[in-house]
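This one's a predicted model, so the numbers in the text were calculated from it and none came from an experiment. What you see below is based on every heavy atom in this structure, not just the backbone, and it leaves out hydrogens, waters and symmetry mates.
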Amino acid sequence: MTSNSSHRLIGLDPGLRVTGWGIVDAIGTKLVHVANGSVKSQQNAPLATRLLELENGLEEVFDNWQPDFAAVEQTFVNRDGAATLKLGQARAVCLLVPARRDIEVHEYAPNFIKRAVTGSGHAAKEQIAAMIKVLLPQAQPADEHAADALAVAVTLAHAGDLGGRLARAMEVSK
């Protein structure tokens, strides 16, 4: 990224009950908090209704804040296959909303996000929240899901190929 380039980034922390979102502006090497929040679905509603609620909420966030790039936390598989599948469906909504708008979407593993924000791939949630306060002192995360989403956005700022340098270099080397 050149020193004068500016990009609006959104990080998404998928969840069927609550999907967190966090937006930062990357201005050169500086990060500025813009907004954060979460989209909730009705717990007792049918799955299709809940996914639609998440989609509608994220569409509103994208309409309001107009991000240039998006990043989504990857799903880790746990022992509860049904829960993992539902989380995967919520993640699909998080991938679909920016893709429909032709916004480039990056995906990062939870340990990669932890390492990018704290320096440790096994950091606790408290460590991530503390580093978000250091990196984005003006941010007041709405909840833990919004804080996690801000961490995803920070990871995108540090690890994403926002200027396209890597992509151009790969094309030249072909």
Side-chain angles (χ1 to χ4, degrees), residues 1 6-26 31 33-114 116-117 125 128 132 136 139 141-164 166-167 170-171:
M1 214 167 15
S6 176
H7 301 287
R8 177 152 292 174
L9 315 176
I10 185 168
L12 299 169
D13 177 42
L16 185 57
R17 270 187 260 150
V18 182
T19 290
W21 57 271
I23 299 174
V24 298
D25 282 344
L31 294 179
H33 173 264
V34 176
N36 70 80
S38 55
V39 177
K40 296 176 173 84
S41 70
Q42 300 172 53
Q43 247 181 304
N44 297 325
L47 178 61
T49 301
R50 295 176 77 184
L51 293 171
L52 183 59
E53 289 170 346
L54 293 178
E55 180 186 21
N56 289 339
L58 288 176
E59 290 285 356
E60 186 176 327
V61 170
F62 276 73
D63 286 344
N64 289 339
W65 298 106
Q66 300 293 313
D68 301 311
F69 294 91
V72 178
E73 185 173 5
Q74 291 176 339
T75 304
F76 65 92
V77 178
N78 59 35
R79 288 182 215 151
D80 183 353
T84 301
L85 183 58
K86 288 177 184 176
L87 177 58
Q89 292 167 325
R91 228 175 73 69
V93 171
C94 291
L95 295 168
L96 181 66
V97 171
R100 275 193 182 140
R101 296 164 183 262
D102 291 323
I103 295 173
E104 188 176 308
V105 183
H106 299 252
E107 299 179 70
Y108 300 110
N111 286 351
F112 186 85
I113 295 165
K114 291 175 184 179
V117 174
K125 282 199 176 282
I128 296 166
I132 290 301
L136 302 169
D143 55 32
E144 69 179 83
H145 306 284
D148 288 349
L150 286 169
V152 176
V154 167
T155 301
L156 175 58
H158 293 302
D161 184 26
L162 305 180
L166 181 60
M170 290 176 72
E171 282 299 314

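Across Arg50 and Ala45, no two heavy atoms sit closer than the pair CD-O, 3.3 Å. When all heavy atoms of Val18 and Lys40 are compared, the pair lying nearest together is CG2-CG, 4.0 Å. Of all heavy-atom pairs spanning Ala159 and Tyr108, the tightest one is C-OH, 3.9 Å. The minimum heavy-atom distance between Val24 and Ala153, with the atom names listed, is CG2-CB, 3.9 Å. When all heavy atoms are compared, the tightest approach of Val72 to Cys94 is CG2-O, 3.9 Å. The two residues Leu136 and His33 come nearest to each other via the heavy atoms CD2-N, 3.9 Å.
Annotation: Asn64, atom CG; neighbour count of heavy atoms from other residues, nucleotides and ligands within 6.0 Å is above 12. For Arg8, the CZ atom counts as densely surrounded, since its 6.0 Å shell holds more than 12 non-hydrogen atoms of other residues, nucleotides or ligands. Other residues, nucleotides and ligands contribute only 12 or fewer heavy atoms inside 6.0 Å of the CD atom of Glu60.
Put simply, CG on Leu47 and CG on Leu52 are 11.0 Å apart, with the number rounded to the nearest 0.5 Å. If you take CG on Asn56 and CG on Leu51, they are separated by 11.0 Å, rounding to the nearest 0.5 Å. The distance from the CZ atom of Arg101 to the CG atom of Leu96 is 10.5 Å, given to the nearest 0.5 Å. Between Leu95 atom CG and Ile103 atom CD1 the span is 12.5 Å, to the nearest 0.5 Å. Leu54 contributes atom CG, which lies 11.0 Å from atom OG1 of Thr49 (distance to the nearest 0.5 angstrom). For the atom pair Phe62 CZ and Arg100 CZ, the distance stands at 11.5 Å (nearest 0.5 Å).
In this structure, Thr19 contributes its side chain and Val39 its backbone to no donor-acceptor pair below 3.5 Å. Checking side-chain atoms of Asn36 against main-chain N and O of Ala147 turns up no donor-acceptor pair under 3.5 Å.
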Step by step, work out the side-chain contact (heavy atoms from CB on, under 4.5 Å) result for His7 and Leu156.
CA-CA 11 Å; His7 301 287; Leu156 175 58; over 6 Å; no

Run the side-chain contact (heavy atoms from CB on, under 4.5 Å) check on Lys125 and Asp148 step by step: do they pass?
CA-CA 8 Å; Lys125 282 199 176 282; Asp148 288 349; 2.6 Å; yes

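Salt bridge status for Glu73 with Lys114: absent, with no side-chain N to carboxylate O gap under 4.0 Å.
Under the 30°/60° scheme for interplanar angles, the aromatic rings of Trp65 and Trp21 are found to be tilted.
You'll find the side chain of Leu150 reaches within 4.5 Å of the side chain of Pro141, heavy atoms only. Looking at Leu12 and Leu58, their side chains come closer than 4.5 Å, going by heavy atoms from C-beta outward.
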